[in-house]
Amino acid sequence: MAFTNRLRNKAFWLLDTFKGSPVKKHFNEVRVILGYDNWNQVKQYHKIKIGELTQHAIRNIPFYSNLNTARLEDFPVVFKRKIVENYEEFYAENYLKEKYWIKSTSGSTGEPFDVRQNDLKINRNIADTLYFSQRSGYQLGSSLFYIRFWDELLRKSGLQAKIQNVVQIEITELDDRALNRLCQQLSRNPKRTKGLLGYASGFDLLIRYLADQHVRFDFSGVKSAIAMAEALSPVTRDKFKSYFDVPLLSRYSNTENGIIAQQIPGTGTDFIINWASYYIEILDFNSDTPVQNGQQGRIVITDLFNYAMPLIRYDTGDVGTMEIGHDGIPLLSTIEGRLHDTIYDTEGNIISSFIPSYLERYKGIIEYQFLQTGKKEYTINLIINDQFSVEKEIIEFMKSHFGADAELKINYIDSIPLLSSGKRKKVLNTFKNPMH
């Protein structure tokens, strides 16, 4: 690590020490809890944390004041809309005069959502970020190239970005010229360690750009790469490794909570759950009962550290599958994204959103979007070049997964619009979710 990067690292921890080491204490606890190889140890930790949280909620959160039990399973499952419609019932009365922070979601997949967070939660999130970034190969203080939608609330000032060593890459302006500039920056001074973080679609654009170039860049300074906010394409993941010689990992997080799970080098495509900061349940689609390990269900999360506005048994709207790892610790083997964008075959069975991602393997396809528009009707929007000649093959492939009676329509378009958040939705279900 370069001298200036080491200086940033030391300055961060020195400032934390001056404040009483709140982040360091959380970081050490996260490292200990996630280092357990015995599920009973994790369960004992959860018993204490959940008990403290639920007792606080009953005493201080109006919405839970009528509960006479602190058992987590007796708390109702809550949705974003329920909280938005009863906002003042969900924040702690004893935190009204305390300092708290507001985390706002973009509202790109629903109504905007503001979550109050106390200092305990803020420091825990910082510790979580440092831990999972470190596990990916990123060193605090190194240059971080961050690809996302930078609105006015998120954009860092020039001084702040320089101090934090963050290079802000605007996803909505990521054309060939911007991608070339990014590649030049990443290949400059290869002895200076760098990290990449951003929307999965940003990595898609980067890999497609590199595939069209006749010159190879020296990316040896890039030591970590994390995709977030959108499903990571297996094609992009595999090609990234060939260009950068480091794994492209997927992170599962949201604005209202923080880092929920992440892939770790050496663990394949499974997601290590952040059991140190959250308690995760996978519940049935039609009831609030747990599903068997290995079955898909709704991802429901209890945030163990937000006391200003506790999110207890909060339905994230995402779909996932939990399985038991080789060490006995539960992990997420699949994360399918938003429930209302789940796609189904013609008989009503859930189909993995990664099936449409196979479109990227066909020559001549620049970009795609897959929509389920009816019970048996599907539309594929394609941006192609003159090398494309596999329409019949695509229809046969999709019918083999969605059903022989599937009605498939292919549209050839010039561009796929971005959401207000700067994300691109590759899979949509306009049949089950007409709001699209």
Side-chain angles (χ1 to χ4, degrees), residues 1 5-6 8-37 41-42 44-46 48-50 52-53 56 95 98-103 115-142 144 146 154 156 160 163-166 193 195 197 223-224 226 228-229 249-265 267 271-280 301-312 314 329 331-332:
M1 188 188 293
N5 294 350
R6 289 198 301 270
R8 287 186 178 93
N9 186 303
K10 290 183 179 298
F12 175 88
W13 290 118
L14 185 63
L15 180 60
D16 184 60
T17 300
F18 178 76
K19 294 178 180 178
S21 301
V23 175
K24 187 69 172 181
K25 290 172 184 175
H26 280 293
F27 179 83
N28 288 337
E29 182 177 75
V30 171
R31 184 168 53 187
V32 169
I33 302 302
L34 296 184
Y36 285 154
D37 58 4
Q41 290 176 292
V42 181
Q44 186 60 35
Y45 168 78
H46 284 157
I48 296 170
K49 291 296 183 182
I50 291 172
E52 293 173 347
L53 178 70
H56 161 76
Y95 273 88
E98 300 290 331
K99 183 179 181 181
Y100 59 83
W101 309 83
I102 295 289
K103 294 291 183 179
V115 175
R116 300 185 181 204
Q117 296 184 349
N118 50 299
D119 282 340
L120 179 73
K121 173 60 180 174
I122 295 294
N123 288 323
R124 187 67 171 204
N125 272 357
I126 295 172
D128 285 339
T129 301
L130 292 174
Y131 174 83
F132 281 98
S133 297
Q134 188 179 93
R135 290 293 303 271
S136 75
Y138 176 77
Q139 297 176 324
L140 177 63
S142 300
L144 180 65
Y146 197 168
L154 293 168
K156 301 175 186 293
Q160 185 182 19
I163 291 173
Q164 296 179 0
N165 212 3
V166 174
T193 59
L197 172 67
K223 301 301 182 183
S224 70
I226 299 172
M228 61 176 207
L249 307 171
S250 185
R251 173 179 289 175
Y252 174 45
S253 61
N254 61 30
T255 303
E256 55 265 42
N257 297 114
I259 299 176
I260 301 166
Q262 182 182 296
Q263 293 172 342
I264 300 295
T267 60
F271 288 76
I272 303 303
I273 297 173
N274 185 4
W275 290 116
S277 299
Y278 307 99
Y279 181 76
I280 307 297
I301 184 169
T302 295
D303 190 325
L304 303 177
F305 286 86
N306 189 359
Y307 276 64
M309 189 174 178
L311 294 180
I312 300 174
Y314 170 64
I329 308 293
L331 48 77
L332 288 172

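Note: hydrogens, waters and symmetry copies are ignored here, and every other heavy atom, side chains too, is used.
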Give the intermediate values and the outcome of side-chain contact (heavy atoms from CB on, under 4.5 Å) for residues I264 and L249.
-> CA-CA 7 Å; I264 300 295; L249 307 171; 5.8 Å; no
Please name the pair of heavy atoms, one in [X] and one in [Y], separated by the smallest distance, quoted to 0.1 Å.
{"X": "G137", "Y": "S224", "answer": "C-CB, 3.7 Å"}
{"X": "A276", "Y": "R124", "answer": "O-NH2, 2.7 Å"}
{"X": "Y278", "Y": "I259", "answer": "CE1-O, 3.0 Å"}

When rounded to the nearest 0.5 angstrom, what distance separates [atom1] in [X] from [atom2] in [Y]?
{"X": "L332", "Y": "I273", "atom1": "CG", "atom2": "CD1", "result": "4.0 Å"}
{"X": "K103", "Y": "E256", "atom1": "NZ", "atom2": "CD", "result": "11.5 Å"}
{"X": "D303", "Y": "K121", "atom1": "CG", "atom2": "NZ", "result": "3.5 Å"}
{"X": "L34", "Y": "F132", "atom1": "CG", "atom2": "CZ", "result": "5.0 Å"}
{"X": "N306", "Y": "W101", "atom1": "CG", "atom2": "CH2", "result": "13.5 Å"}
{"X": "W275", "Y": "Y36", "atom1": "CH2", "atom2": "OH", "result": "15.0 Å"}

Does the side chain of [Y] come within less than 4.5 Å of [X]'s, by heavy atoms?
{"X": "I260", "Y": "N274", "value": "no"}
{"X": "L144", "Y": "N165", "value": "no"}
{"X": "S142", "Y": "K223", "value": "no"}
{"X": "L140", "Y": "S133", "value": "no"}
{"X": "L197", "Y": "Y138", "value": "no"}
{"X": "L120", "Y": "H26", "value": "yes"}
{"X": "L53", "Y": "I312", "value": "yes"}
{"X": "N125", "Y": "D128", "value": "yes"}

Any donor-acceptor pair under 3.5 Å from [X] side chain to [Y] backbone:
{"X": "N118", "Y": "Y307", "value": "yes"}
{"X": "Q263", "Y": "S250", "value": "yes"}
{"X": "Y45", "Y": "K49", "value": "no"}

State whether the number of non-hydrogen atoms from other residues, nucleotides or ligands found under 6.0 Å of Y146 atom OH is greater than 12.
->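 More than 12 heavy atoms, drawn from other residues, nucleotides or ligands, come within 6.0 Å of this atom.
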Is atom CZ of R135 surrounded by more than 12 heavy atoms (other residues, nucleotides or ligands) closer than 6.0 Å?
->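 Atom CZ in R135 is not packed in, count stays at 12 or less.
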Cut-off 3.5 Å, side chains only: do R31 and N28 have a donor facing an acceptor?
->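 The criterion, which ignores hydrogens and geometry beyond distance, is satisfied for N28 and R31.
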Yes or no on side-chain contact (heavy atoms from CB on, under 4.5 Å) for E52 and L304, after CA distance, side-chain angles and deciding distance?
-> CA-CA 9 Å; E52 293 173 347; L304 303 177; over 6 Å; no
